[in-house]
Amino acid sequence: MISDALDAARRTAVRDALGFDAATLSHWCDPAEGNGRRMPVVHLDQVARMSPAAAQVAARHFAALAGGEFRPGSGESKSLGASLAGLARQVAEASSDWMLATDPEGPGGVTVTEAERRELLADVDAAADLIAQVRGLLTRGARS
């Protein structure tokens, strides 16, 4: 993860901005490094603050360790009401697709086909993105 984060931030930019030499960055990226030269969290924080791409690498890593997944914000500035309406619509669509996929008279009977599985996964991903958007709006104090 450290190597990927440094690559995302561009190692030369990290060296220039934070003053670390190439050897230090290499030590931090070596998974077999046994001399105690692990990257301190404060430096990972600095790299993440200077590079949103590096922050996303670290976020994905730590979210996976916690049993979850990272979903970056969309950057769209929708109102809370519009976002919640979109979420309700997406959940309804996912529910409808699930009912059709498990319909005994459907293409796969009660067994979900590969095409249905892909469609359901897309529904869940879209709903998760909307949940992240709503959560972000609520965290920032959106009211309408």
Side-chain angles (χ1 to χ4, degrees), residues 1-103 106 108 110-144:
M1 180 273 297
I2 299 296
S3 181
D4 291 343
L6 291 173
D7 288 344
R10 292 187 2 258
R11 290 175 193 237
T12 55
V14 172
R15 286 194 318 253
D16 293 346
L18 304 179
F20 300 115
D21 60 24
T24 298
L25 298 181
S26 291
H27 280 292
W28 287 344
C29 296
D30 184 357
E33 185 61 44
N35 67 2
R37 296 211 37 194
R38 306 250 185 251
M39 183 179 207
V41 173
V42 68
H43 298 315
L44 178 59
D45 179 70
Q46 289 173 315
V47 170
R49 287 177 190 276
M50 70 179 274
S51 168
Q56 288 187 15
V57 169
R60 280 188 189 89
H61 172 78
F62 290 115
L65 287 177
E69 66 179 50
F70 169 72
R71 293 200 172 263
S74 67
E76 296 177 25
S77 58
K78 290 185 177 179
S79 70
L80 182 57
S83 296
L84 285 167
L87 176 58
R89 200 171 23 257
Q90 186 58 49
V91 169
E93 184 175 328
S95 299
S96 173
D97 287 346
W98 175 253
M99 287 183 252
L100 290 171
T102 58
D103 180 359
V110 294
T111 302
V112 176
T113 67
E114 182 59 26
E116 291 168 331
R117 186 194 66 75
R118 283 192 306 272
E119 184 174 2
L120 289 166
L121 186 57
D123 288 342
V124 169
D125 283 342
D129 289 343
L130 286 163
I131 288 169
Q133 182 176 22
V134 167
R135 189 176 194 299
L137 288 167
L138 288 170
T139 301
R140 290 188 300 275
R143 293 192 186 341
S144 58

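The structure presented is a predicted model; accordingly, all values stated were derived computationally and were not measured.
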Does T24 form a side-chain contact (heavy atoms from CB on, under 4.5 Å) with H27? I'd like the steps, not just the answer.
CA-CA 5 Å; T24 298; H27 280 292; 5.6 Å; no

Can you give me the closest heavy-atom contact between C29 and S3, atom names plus distance?
SG-CA, 3.5 Å

What are the two closest non-hydrogen atoms of A55 and A48, and how far apart are they?
CB-O, 3.6 Å

Any H61 side-chain heavy atom under 4.5 Å of D4 side chain
no

Using a cut-off of 6.0 Å, state whether more than 12 heavy atoms not belonging to R10 lie near its atom CZ.
no

Here the pair of heavy atoms bringing A9 nearest to V14 is CB-CG2, 3.8 Å

Inter-residue atom distance D97.CG - L121.CG, 0.5 Å rounding:
12.0 Å

Please evaluate residues T113 and R118 with respect to the criterion side chain to side chain donor-acceptor pair (under 3.5 Å), reporting the C-alpha separation (whole Å), side-chain torsions for both, the decisive distance (0.1 Å), and the verdict.
CA-CA 9 Å; T113 67; R118 283 192 306 272; over 6 Å; no

CG-CD distance between L138 and Q133, expressed to the nearest 0.5 angstrom:
11.0 Å

Quick check against the 3.5 Å criterion: does S51 have a side-chain atom that pairs as donor or acceptor with the backbone of V47?
no

Please check if the side chain of R140 supplies one atom and the backbone of G136 the other of a donor-acceptor pair under 3.5 Å.
yes

What class does the angle between the rings of F20 and H43 fall in, given that below 30° is parallel, 30 to 60° is tilted and above 60° is perpendicular?
perpendicular

With sequence neighbours left out, write down each residue that passes salt bridge (charged side-chain N to carboxylate O under 4.0 Å, His left out) with R49, or none if nothing qualifies.
D45

D125/R71 under side-chain contact (heavy atoms from CB on, under 4.5 Å): CA gap, chis, key distance, verdict
CA-CA 9 Å; D125 283 342; R71 293 200 172 263; 2.8 Å; yes

Please find the pair of heavy atoms, one from A5 and one from V57, that lie closest to each other, and give the distance.
N-CG1, 3.6 Å

For residues A59 and F70, report the shortest heavy-atom separation together with the two atoms involved.
CB-CD1, 3.5 Å

Shortest non-hydrogen pair, I2 vs W28, comes out as CG2-O, 3.7 Å

side-chain contact (heavy atoms from CB on, under 4.5 Å) between L6 and M39: does it pass, once the steps are laid out?
CA-CA 11 Å; L6 291 173; M39 183 179 207; 4.3 Å; yes

Would you sort out whether L44 and M1 count as a side-chain contact (heavy atoms from CB on, under 4.5 Å), showing the intermediate values?
CA-CA 10 Å; L44 178 59; M1 180 273 297; 4.0 Å; yes

For residues 83-95, run the donor-acceptor check on the side chains, cut-off 3.5 Å, and write out each pair with its distance to 0.1 Å, sequence neighbours left out.
unit_1 : atom_1 : unit_2 : atom_2 : d
S83    : OG     : S79    : O      : 3.0
Q90    : NE2    : D123   : O      : 3.4
S95    : OG     : V91    : O      : 2.9

For R15, check salt bridge (charged side-chain N to carboxylate O under 4.0 Å, His left out) against everything at least two apart and list the hits.
none

